[in-house]
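Keep in mind that the numbers below use all heavy atoms, side chains included, and drop hydrogens, waters and symmetry copies. Treat the numbers as computed from the prediction; the structure is a model and nothing was measured.
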Amino acid sequence: MKQLSTIIQEHAEKSDFSGTVMVKKNGEVLVASAFGYSDRSARRENNIDTRYGIASGCKLFTAVAICQLVEKGILSFHTPIKECLSISFPHFDDRVTIQHLLTHTSGIPDYFDEEVMDDFEDLWKETPMYLIQKGEDFLPFFQNSPMKSHPGETFHYNNAGYIILGLVIENLSGMTVQEYIVKNIFTPASMNASGYFRLDRLPGNTANGYIEESENSWRTNIYSIPIQGGADGGAYVTGPDMISFWEALLSDKLLKNENTARITEPHVNVKEGVDYGYGMWLNLPDKHHVMGYDPGVSFHSAHYMEKDLKVVVLSNKGSGAFEIYKLIENYINS
């Protein structure tokens, strides 16, 4: 049988994959490979320590932050959001709680509703993305809209719910959500290269996101996503840093054991074989999984419990990460 690294390399070259792939099992790095360019104009290549945007993959960081505040006794999972914020949501059900937001069961409207909109870039046609610089800036997109369903009634993936969780973190901690996560999650998890960087101030060794267009042309995603990530998405991480995050979370360095268990257990069934914890997808009994997609971003990362195996696939293109992630999963399950 071919080595996993060889299989990945052959697929990456054939599919023009751009990104970084890491696989670690029982403390041993099995794969650490990089492909493509972080800057196509300068022909600067991706490497193992390149930083990539991970879009919604960082909802898990927001969930961990909320759990930390619960551990401090500042709020509970069943605290209504009306008790955490003075912001008016005139049509929201007063019964919506922190737990509902964490599990996408709040029933509140979203600022990007995939049932209504196909293209994330459509959001910025009337409101330029460079004006969206903090959580409050998203409020006009959903604050005065009606509920979609009753709290706890159904799972409906919801970015706005995590925007509100970010506002709760800021209100209760006195820090921006980005500052809080860097200090209380990235630093203790030794994620020293990760952060919430502005698109117009990206640090060295950070990949530009690329959107493929017709006839082998492309453009960067600088006008297609908010200028800085926040509670619902947009952090930048490296492959090694994401591995470090999994190791810190699962060894109770970020949360007490009871809350590590809580964040990684199923709270709502999404569909057959898929549940949702807090900020992560669950394919029980074996897998914790996070993913993120934006224009110019695709990301998958998983922890396989029985095998003690961690996978990270980061890409600065809008597709490609899933195919490599599934290739790895099929290999390890064969």
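- N205 and N47 share a side-chain donor-acceptor pair at under 3.5 Å.
- Considering Y276, Y278, F155 in turn, Y278 is the only one that fulfils the ring-ring contact (aromatic ring centres under 6.0 Å, His included) rule with H267.
- Relative orientation of the H300 and Y325 rings is parallel, given thresholds of 30° and 60° on the angle between their planes.
- Expressed to the nearest 0.5 Å, how far CG of L167 lies from CG of L85 amounts to 6.0 Å.
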Quiz item: Could you walk me through whether I164 and F142 pass the side-chain contact (heavy atoms from CB on, under 4.5 Å) check?
Solution: CA-CA 11 Å; I164 294 175; F142 67 90; 3.9 Å; yes

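- Among residue pairs with one or both ends in residues 307-330, those qualifying as salt bridge (charged side-chain N to carboxylate O under 4.0 Å, His left out) are D16-K317, E212-K317, K287-E329, D308-K310, K326-E329; sequence neighbours excluded.
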Quiz item: Would I48 and T238 satisfy side-chain contact (heavy atoms from CB on, under 4.5 Å), going step by step from the backbone distance to the final call?
Solution: CA-CA 7 Å; I48 301 305; T238 67; over 6 Å; no

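- Taking the centre of each ring, Y37 and Y210 stay at or above the 6.0 Å mark.
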Exercise. Report the C-alpha separation of K24 and E247 in whole Å, then their side-chain angles, then the decisive distance to 0.1 Å, and conclude whether the salt bridge (Lys or Arg N to Asp or Glu O under 4.0 Å) test is met.
Key: CA-CA 11 Å; K24 189 173 183 179; E247 292 174 343; 2.9 Å; yes

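- Rounding to the nearest 0.5 Å gives a distance of 4.5 Å between CG of N158 and CD1 of I108.
- Residues satisfying the side chain to side chain contact (heavy atoms under 4.5 Å, CB included) criterion with V274, sequence neighbours excluded, are V270, K271, W281, N283.
- Aromatic rings of H288 and Y304 (six-membered ring for Trp) have centroids beyond the 6.0 Å cut-off, not under it.
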Distance-only criterion, 3.5 Å: show the donor-acceptor pairs between side-chain atoms of residues 4-11 and protein atoms not counting sequence neighbours.
residue	atom	partner	partner atom	Å
Q9	NE2	E13	OE2	3.1
E10	OE1	K2	NZ	2.9
E10	OE2	K2	NZ	3.2

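- The six-membered or imidazole ring of Y293 lies away from that of F322, with a centre-to-centre distance of 6.0 Å or more.
- Under the side-chain hydrogen bond (donor to acceptor under 3.5 Å, both in side chains) test applied with T97, the options R95, H100, Q99 reduce to a single match, H100.
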